[in-house]
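Since the structure comes first, as structure tokens, the remarks are kept for the end.
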Amino acid sequence: MPKSRIFFIVATITIMLIGCSQVEEGTFIQGNITEINETSGDMEIDIELWTTVSEEEDTSKESYGFIEKPMTQTIRVSNPEDYEEGQKVKVKVIKDYDEHAWDLDRLKFEVEEVS
């Protein structure tokens, strides 16, 4: 096998492994949808797992749970008709303001179904 082909294969595998090892940073909620208000877009989620993954001061990414966490959380989505009560979801919480309090009207949520 020519050296260029071996180099290409090794380089491709290396790039794929680097891409797979990237851990997304942010706050995540995982649980079941217990209530959906299709008018307002509010969804109540019964939380099974609530974690934050962050990178602090150039150290490796670290995942940690909350000490005091609510058992349910209301989120607002623009497409509530795409979800059903009882559906298991993973939600990334996007907070793009500096205040410490969570403001439901200013937070954004990326929701994906969990199998």
What pairs with [X] under side-chain hydrogen bond (donor to acceptor under 3.5 Å, both in side chains), at least two apart in sequence or on another chain?
X: Arg76; result: Asp42, Asp105
X: Lys95; result: none
X: Glu38; result: none
X: Asp46; result: none

Review point. Do Glu44 and Thr34 get their side chains close enough for a donor-acceptor pair, meaning under 3.5 Å?
Key: no
With a 3.5 Å cut-off and sequence neighbours excluded, list the donor-acceptor pairs that the side chains of residues 78-86 form with protein atoms.
from	atom 1	to	atom 2	distance (Å)
Asn79	ND2	Asp82	OD2	2.8

Practice item. Check whether NZ of the Lys or CZ of the Arg Lys90 lies under 6.0 Å from the centre of the six-membered ring of Phe28 and within 45 degrees of that ring's axis. Key: yes
Revision key, fill the gap. Nearest heavy-atom approach of Ile29 to Gln73 is CD1-CG, 3.9 Å
Do [X] and [Y] make a side-chain contact, defined as non-hydrogen atoms from C-beta onward lying under 4.5 Å apart?
X: Val89; Y: Glu112; value: no
X: Thr72; Y: Ile47; value: no
X: Ile45; Y: Val91; value: yes

Study note, to complete from the structure: dist Lys92:NZ -> Thr27:OG1 (nearest 0.5 Å) comes out at 9.0 Å
Revision key, fill the gap. The side chain to side chain contact (heavy atoms under 4.5 Å, CB included) partners of Glu113 (sequence neighbours excluded) come to Gln87
Point to revise | Derivation and outcome, side chain to side chain contact (heavy atoms under 4.5 Å, CB included), residues Val93 and Leu107 | key: CA-CA 7 Å; Val93 180; Leu107 289 171; 4.1 Å; yes
